[in-house]
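First listed ligand is number 1; within each ligand, the first listed atom is number 1. Owing to the predicted nature of the structure, the values given are computational and were not obtained by experimental measurement.
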Amino acid sequence: MQLFTKASVVALASFLGLTGAQILNSTDGTLFWFDPGLGACGFTNTSDQLVASVSADIFNSYPGATANPNDNPICQQNLTITYNGTSVTAPIVDYCPDCDDYWVGLSPVGFEDFASTDQGIVSNVTWEIV
Ligand SMILES: *[C@@H]1O[C@H](CO)[C@@H](O)[C@H](O)[C@H]1NC(C)=O
Ligand SMILES: *[C@@H]1O[C@H](CO)[C@@H](O)[C@H](O)[C@H]1NC(C)=O
Ligand SMILES: *[C@@H]1O[C@H](CO)[C@@H](O)[C@H](O)[C@H]1NC(C)=O
Ligand SMILES: *[C@@H]1O[C@H](CO)[C@@H](O)[C@H](O)[C@H]1NC(C)=O
Ligand SMILES: *[C@@H]1O[C@H](CO)[C@@H](O)[C@H](O)[C@H]1NC(C)=O
């Protein structure tokens with residue numbers, strides 16, 4: 001039995017961001033910081049809780065992702081970010097709609113282990129979804 005027409009499969013793949021390969025790590029990432037609130041995973045977190053976010057593409061192409069972001073298996077997976085001898089591990093709770101694939105975010109309490117929030121971003125970080 002054919003469950004999907006070809007057009008609907010293409011549309012679904014496009015919605016889920018499956019047009020590219022799944023990316024689970026990078027040695028050339030850019031770290032930003034964000035103020036958590038109610039995130040895509042459905043949790044409400046605060047700036048003093050150590051939480052992480054990834055780009056929309058990585059969130060939506062994660063194995064098992066569906067149209068409901070709350071059910072995405074990437075939620076609560078740990079993201080480890082390493083730069084200049086420092087590593088921070090935090091659970092993923094949200095995505096960043098406008099970020100390039102290799103961008104990863106930490107709440108201020110985690111970002112400040114790498115740089116002051118005044119700096120805005122840290123380039124050339126290594127990260128991995130573990
Ligand atoms: C990084 O991801 C690629 C696939 O995208 C995988 O082949 C490789 O083993 C991963 N490296 C690490 C260190 O997890
Ligand atoms: C994020 O918020 C949820 C509740 O919405 C909570 O269960 C979880 O422990 C929080 N994460 C951290 C790292 O504090
Ligand atoms: C994430 O890391 C924390 C601390 O190391 C650990 O307790 C937790 O089980 C990890 N979560 C997952 C989903 O692996
Ligand atoms: C890297 O770490 C060293 C030692 O902690 C520090 O002196 C240096 O400023 C850091 N460099 C960058 C670019 O953050
Ligand atoms: C990041 O790495 C690239 C390539 O190694 C280098 O050209 C660039 O200057 C680095 N950027 C920063 C801000 O360190």
Sub-3.5 Å N/O-N/O distance, N78 and ligand 3
yes
Same apolar cluster: L24 and L31, side chain cutoff 4.5 Å:
yes
Can you check whether Q76 has an N/O within less than 3.5 Å of an N/O in ligand 2?
no
CZ of F34 to OG of S107: how many Å apart, nearest 0.5 Å?
5.5 Å
Which of the numbered atoms in ligand 5 are under 4.0 angstrom from any heavy atom belonging to S123?
13 (C)
Option whose closest heavy atom lies nearest to atom 8 (C) of ligand 2, chosen from T46, V93, N45, V51
N45
Walk me through whether V88 and T80 qualify under side chain to side chain contact (heavy atoms under 4.5 Å, CB included).
CA-CA 6 Å; V88 169; T80 297; over 6 Å; no
Who are the ring pair (Phe, Tyr, Trp, His ring centres under 6.0 Å) partners of Y83, not counting sequence neighbours?
none
What protein heavy atom sits nearest atom 12 (C) of ligand 5, and how far away is it?
N124 ND2, 3.5 Å
dist I92:CD1 -> N72:CG (nearest 0.5 Å) comes out at 9.0 Å
Protein heavy atom under 4.0 Å of atom 14 (O) of ligand 3
yes
Ligand 2 atoms nearer than 4.0 angstrom to some heavy atom of L50 are 13 (C)
So, does D101 use its side chain to make a donor-acceptor pair with the main chain of I58 at under 3.5 Å?
no
When you measure from atom 10 (C) of ligand 3 to the protein, is at least one non-hydrogen atom found at a distance under 4.0 Å?
yes
Side chains of E112 and W33: does their closest heavy-atom pair fall under 4.5 Å?
no
Any protein heavy atom sitting closer than 4.0 Å to atom 4 (C) of ligand 5?
no
